[in-house]
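Here the structure is a predicted model, which means the values were calculated and not measured. Naming convention: chains lettered A, B, ... in sequence-line order (proteins, then strands); numbering from 1 in each chain.
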2 protein chains.
Amino acid sequence: MRIGELAARAGVSVRSLRYYEEQGLITSTRSAGGQRHYTDGDIERVAFIQRLYAAGLSSRTIAELLPCVESPSEQNSAEAFERLVRERDRISRHVEELVTARAALDRLIDANRAHHGRLAAAR
Amino acid sequence: MRIGELAARAGVSVRSLRYYEEQGLITSTRSAGGQRHYTDGDIERVAFIQRLYAAGLSSRTIAELLPCVESPSEQNSAEAFERLVRERDRISRHVEELVTARAALDRLIDANRAHHGRLAAAR
DNA sequence: CTAAGACCTGACACTGACGTTAGATGCAAG
DNA sequence: CTTGCATCTAACGTCAGTGTCAGGTCTTAG
């Protein structure tokens, strides 16, 4: 499939796909005329990348741990494996931060709830 | 206290404090010469703002829900209250995203662990 | 073959929370 | 009073992911 179809099926913009390739996150074969061609497997790959983006990883970080995705059995991914673990831990810490912040908002909501009966009931 | 002391005690940069004021998140009194003065209460206020930033809220969003912090009893904070609830829910969704991404990383880690005995043992 | 639409590269624009710099002023200690 | 550090305003720099535009090429339907 060409880039427009992949963009539609993966739910990202064409621009983003070209950027991902520029950053070494995805690859493509080229037609004689120079247009990018993709396989069905690329849909899932893009989805995976999106999840990591959503988790706050930078494109550089994602690129560094992709060897672990490609070939989990290679020993050349020792650095990548460490980064994998570090990022997992970073996500865990971030979750704790979010839970803390959410608790703060919950306290605020409670403090305000009495004055907003209808909204409070809607929850 | 002056801005440098607040920055040190709150653990943020002087630049950030001036930016927060510019965005309407904090206020200050001024000396005759124009320098900003703060109270002890501002330390906690800045810490609270930091928590919201860490939770992914923008300065504009924080500014919009500050009325709820200032005066939980005023009815003029109806909009702010709604935003409060929306942001709480957004944080919850974000936590779910992070947990999903972390699970994906955990699966990758498992798939790679066999080939990295020492690192696996360190966990 | 031709028109239309998808695609190409390259480049600039934007957002947001700051960092950094420049040049001027405030303020406390000797 | 002076020295020197803290602070002031104003403005530009940064980073990352993406939007958008320009000007040209590929592909496919008719």
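Atom-to-atom, CD of A:Gln35 to P of D:dC26 comes out at 8 Å; the value is rounded to the nearest Å. As a whole-Å value, the separation of A:Arg18 CZ from D:dG17 P is 17 Å. The CD atom of A:Glu22 sits 11 Å away from the P atom of C:dA11 (whole-angstrom rounding).
Taken from CZ in A:Arg86 to CG in B:Leu105, the straight-line distance is 12.5 Å, to the nearest 0.5 Å.
In this model, the phosphate group of D:dT27 is approached by a side-chain N or O of A:Ser31 to a distance below 4.0 Å at OP1 or OP2. A close approach under 4.0 Å does not occur between any side-chain nitrogen or oxygen of A:Ser58 and OP1 or OP2 of D:dA16. Put simply, A:Tyr19 has a side-chain N or O that comes within less than 4.0 Å of OP1 or OP2 on D:dG17. In terms of phosphate contacts, B:Ser13 brings a side-chain nitrogen or oxygen within less than 4.0 Å of OP1 or OP2 of C:dG19. Between A:Arg15 and C:dA13 there is no side-chain polar atom (N or O) within less than 4.0 angstrom of OP1 or OP2. Within the 4.0 Å cut-off from OP1 or OP2 of D:dT18, at least one side-chain nitrogen or oxygen of A:Tyr20 is found. The side chain of A:Ser59 places an N or O atom within less than 4.0 Å of a non-bridging phosphate oxygen (OP1 or OP2) of D:dG17.
Across all their heavy atoms, B:Ile91 and A:Leu98 have their closest contact at CG2-O, 3.7 Å.
Projected onto DNA chain C by closest heavy-atom contact, A:Tyr38 and B:Gly34 fall at different nucleotides, the more 5' of which corresponds to A:Tyr38. Closest-nucleotide positions on DNA chain D for A:Val14 and A:Gly33 were compared, and the one nearer the 5' end corresponds to A:Val14.
Across all strands shown, A:Arg2 has heavy atoms under 4.0 Å from sugar-phosphate atoms exclusively, and none from any base. Among the atoms of the strands shown, none is found under 4.0 Å from any heavy atom of A:Arg60. Residue contacts shown for A:Arg36 are limited to sugar-phosphate atoms, with no base heavy atom under 4.0 Å away.
A salt bridge does not link A:Arg18 with A:Glu21: none of the charged nitrogens is closer than 4.0 Å to a carboxylate oxygen. Looking at B:Arg83 and B:Glu87, a side-chain N of the basic residue comes within less than 4.0 Å of a carboxylate O on the acidic one, giving a salt bridge.
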